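Keep in mind that this is a model prediction, so the values were computed, not measured. Every chain is numbered from 1, with letters handed out A, B, ... down the list of sequences.
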There are 2 protein chains.
Amino acid sequence: MESKYRHLYKLLLDKIDKREYEPGDKLPAEGELMEAYGASRDTVRKALELLVQDGYIQKARGKAAEVLDKNKFNFPVSEIASFKEIYRFSSSKPNTIVENLEIVKGDKKLMAALQIGPEDEAFLLERVREIEGEKIIIDKDYFSRKVVENLPLRAAQDSVYEYLEKELGLKIGFAMKEITVHMAADEDYRLLDMGSYDMIVVVKSYTYLEDSTLFQFTESRHRPDKFKFVDFARRKL
Amino acid sequence: MESKYRHLYKLLLDKIDKREYEPGDKLPAEGELMEAYGASRDTVRKALELLVQDGYIQKARGKAAEVLDKNKFNFPVSEIASFKEIYRFSSSKPNTIVENLEIVKGDKKLMAALQIGPEDEAFLLERVREIEGEKIIIDKDYFSRKVVENLPLRAAQDSVYEYLEKELGLKIGFAMKEITVHMAADEDYRLLDMGSYDMIVVVKSYTYLEDSTLFQFTESRHRPDKFKFVDFARRKL
DNA sequence: AAGTGGTCTAGACCACTCT
DNA sequence: GAGTGGTCTAGACCACTTT
């Protein structure tokens with residue numbers, strides 16, 4: 001059962017996507033939405049708040065909410081998204097090569113990153129992403145076995161997140177990402193089509209469940225010319 | 001006059017910062033906060049929602065809100081922040097060198113970026129940021145003169161955002177940022193201490209006012225080894 | 001069973017913008 | 001002055017976790 005305000009949010013989002021409300025247009029007033037949708041003001045406001053947070057509309061006192069031109073902003077905005085989601089808009093189909101899938105334990109850096117003990121095991125999944133015939137990303141995922149007991153190869157080849165959420169029923173809560181740039185390492189030259197580039201963009205992610213258990217650490221290494229990160233931010237008050 | 005829920009938010013934030021609530025601790029229940037602070041449930045929940053969005057606490061159904069270890073996450077998280085805000089935690093005082101401050105018009109790339117006409121003017125402000133004796137960032141800011149009529153040098157040397165918000169009374173609404181990596185250009189070698197690096201991290205920002213007027217475009221060029229971007233994201237439902 | 005947060009409602013007052 | 005969003009309140013019912 002989906003909440004009423006989330007449903008209204010999706011209705012409005014759909015109208016914005018379909019250009020029934022165009023960028024620059026004013027959204028109906030809260031009172032009109034209440035009547036049209038048969039909801040209380042609080043419910044309408046919750047739906048609008050979601051649109052604000054996602055950068056679809058802008059609100060200001062005394063004025064009607066205005067639809068923003070989200071397309072000018074190039075997806076994806078900042079959110080937890082898997083590789084498949086990120087490249088859903090690219091023209092050609094990206095290809096994933098599983099290089100390695102094994103159980104590891106005892107590595108000091110890993111233990112620190114995943115906050116596990118020396119006897120705790122973790123899955124290590126290494127994949128190379130190929131786009132338009134070029135190998136440009138290495139993804140090294142570590143999953144704590146305390147949470148992910150088993151990780152079948154078919155899930156690794158497809159979407160790991162779909163497996164975790166749909167099959168294991170894990171509820172992902174939040175993630176921290178860190179972007180830095182380094183000199184390329186041996187593995188980058190070995191696994192990627194580096195061309196004449198000698199640096200690599202490193203995105204480290206720490207992913208937590210809804211109960212704030214850390215269960216995944218990912219190191220994603222991107223060839224610099226193909227890397228792009230887009231972020232939408234609101235001014236804090 | 002500050003809103004009640006924002007005030008409560010700051011009170012709770014302060015207690016978290018001062019470790020009165022430590023990471024892993026449970027926050028008081030909504031009912032307790034209502035009584036302790038003399039507020040309605042809705043007001044308490046708005047304050048808690050702000051803490052959730054900022055990544056200070058995690059909530060889940062049926063359980064009390066838990067305080068997260070924000071310090072593990074290294075500031076800054078994703079937000080619109082000026083150079084001074086970003087480096088407020090660094091050990092040594094960063095130094096800013098104003099290289100150029102002029103009025104420009106007619107440049108095609110600029111007109112497109114700021115969405116202004118061929119006769120509209122803009123301020124161009126170029127600054128170099130020096131940290132621990134090394135020049136590592138170039139900031140090129142463009143401000144539409146339709147919004148920023150005058151930009152005194154003292155504001156450029158100090159904090160431009162403070163001038164815009166406090167002296168001009170501008171209300172900044174939101175911003176889009178894009179991070180990419182490129183080969184270093186002549187100006188990078190000329191203005192920065194590039195050492196042996198030959199690439200540069202480019203952060204482009206488009207900043208909008210609360211009424212969704214685009215008024216600033218910034219190109220920030222960082223030496224790759226000193227660049228770091230941290231982002232906190234919640235899973236979308 | 002008790003305690004917790006999630007959702008929804010109805011009404012009130014205020015600050016601001018528009019015309 | 002009319003219309004808009006921003007804040008605050010009080011009460012209700014539900015879903016989930018904990019004991």
Side-chain angles (χ1 to χ4, degrees), chain A residues 1-12 21 24-53 56-68 169-171 173-174 209-213 234-237, chain B residues 1-12 21 24-53 56-68 169-171 173-174 209-213 234-237:
Chain A
M1 181 54 186
E2 189 173 45
S3 63
K4 200 168 177 177
Y5 74 88
R6 212 175 288 279
H7 186 234
L8 175 55
Y9 160 72
K10 285 183 181 168
L11 286 181
L12 293 171
Y21 299 129
D25 281 2
K26 300 294 185 190
L27 234 49
E30 293 177 355
E32 292 177 57
L33 290 173
M34 286 166 66
E35 192 159 355
Y37 189 66
S40 72
R41 189 166 170 217
D42 204 48
T43 301
V44 168
R45 285 179 59 78
K46 276 186 190 161
L48 293 178
E49 183 55 29
L50 289 179
L51 292 171
V52 168
Q53 280 177 20
Y56 287 101
I57 65 173
Q58 173 74 354
K59 296 207 287 183
R61 259 203 214 91
K63 291 192 285 194
E66 183 185 344
V67 178
L68 297 177
L170 295 182
K171 286 177 189 168
F174 56 94
L209 297 177
E210 209 176 66
D211 68 359
S212 65
T213 309
R234 292 192 171 273
R235 182 70 169 168
K236 302 206 36 169
L237 303 179
Chain B
M1 183 52 187
E2 189 173 46
S3 63
K4 199 168 179 177
Y5 73 88
R6 211 175 289 280
H7 186 233
L8 175 54
Y9 160 72
K10 287 182 180 168
L11 286 180
L12 293 171
Y21 299 129
D25 282 1
K26 301 294 185 190
L27 235 48
E30 292 177 354
E32 293 178 57
L33 290 173
M34 285 167 65
E35 192 160 353
Y37 188 66
S40 72
R41 189 166 172 219
D42 203 48
T43 300
V44 168
R45 285 178 60 76
K46 276 185 190 162
L48 293 178
E49 183 56 29
L50 289 179
L51 291 171
V52 167
Q53 281 177 20
Y56 286 101
I57 65 172
Q58 172 75 354
K59 295 207 288 182
R61 258 205 210 88
K63 291 192 285 196
E66 183 185 345
V67 178
L68 297 177
L170 295 182
K171 286 176 188 168
F174 57 94
L209 298 177
E210 208 176 67
D211 67 358
S212 66
T213 308
R234 292 193 171 273
R235 182 71 169 167
K236 302 204 36 167
L237 303 178

So do the side chains of [X] and [Y] get within less than 4.5 Å of each other, counting heavy atoms only?
{"X": "A:Arg234", "Y": "A:Gln53", "value": "no"}
{"X": "B:Thr43", "Y": "B:Lys4", "value": "yes"}
{"X": "B:Val67", "Y": "B:Tyr56", "value": "no"}
{"X": "B:Leu12", "Y": "B:Ile57", "value": "no"}

Between [X] and [N], does any side-chain N or O lie under 4.0 Å from OP1 or OP2?
{"X": "B:Tyr5", "N": "D:dT7", "result": "yes"}
{"X": "A:Lys4", "N": "C:dT9", "result": "yes"}
{"X": "B:Lys59", "N": "C:dG6", "result": "yes"}

Report the distance from atom [atom1] of [X] to atom [atom2] of [N], rounded to the nearest whole Å.
{"X": "B:Ile57", "N": "C:dT4", "atom1": "CD1", "atom2": "P", "answer": "15 Å"}
{"X": "A:Gln58", "N": "D:dG5", "atom1": "CD", "atom2": "P", "answer": "13 Å"}
{"X": "B:Glu210", "N": "C:dA15", "atom1": "CD", "atom2": "P", "answer": "17 Å"}
{"X": "B:His7", "N": "D:dG6", "atom1": "NE2", "atom2": "P", "answer": "22 Å"}
{"X": "A:Glu66", "N": "C:dT17", "atom1": "CD", "atom2": "C1'", "answer": "14 Å"}
{"X": "B:Tyr9", "N": "D:dG6", "atom1": "OH", "atom2": "P", "answer": "18 Å"}

Heavy-atom donor-acceptor pair, B:Gln58 side chain to A:Glu210 backbone, under 3.5 Å
yes
Is the backbone N or O of B:Ser40 less than 3.5 Å from a side-chain atom of B:Arg45, with the two atoms forming a donor-acceptor pair by type?
no
If you check every side-chain atom of [X], which of [options] has the closest atom?
{"X": "B:Asp42", "options": "D:dG6, D:dT9, C:dT7", "value": "D:dT9"}
{"X": "A:Arg45", "options": "D:dT7, C:dT9, D:dC16", "value": "D:dT7"}
{"X": "B:Lys63", "options": "D:dT18, C:dC16, C:dC8", "value": "D:dT18"}
{"X": "B:Thr43", "options": "D:dA15, D:dC8, D:dC13", "value": "D:dC8"}

Inspect the contact between B:Lys59 and B:Glu66 and indicate whether a charged nitrogen and a carboxylate oxygen are less than 4.0 angstrom apart.
no
Mind listing the residues from residues 26-39 of chain A sitting with a heavy atom below 4.0 Å of DNA chain C? Number order is fine.
A:Gly38, A:Ala39
Where each residue is assigned the nucleotide of DNA chain C containing its nearest heavy atom, which of A:Ser40 and B:Leu48 is assigned the position nearer the 5′ end?
B:Leu48
When you match B:Lys171 and B:Arg61 each to their closest nucleotide on DNA chain C, which lands nearer the 5' end?
B:Arg61
Between the base of D:dG6 and the side chain of A:Arg41, is one N or O donor paired with an acceptor at under 3.5 angstrom?
yes
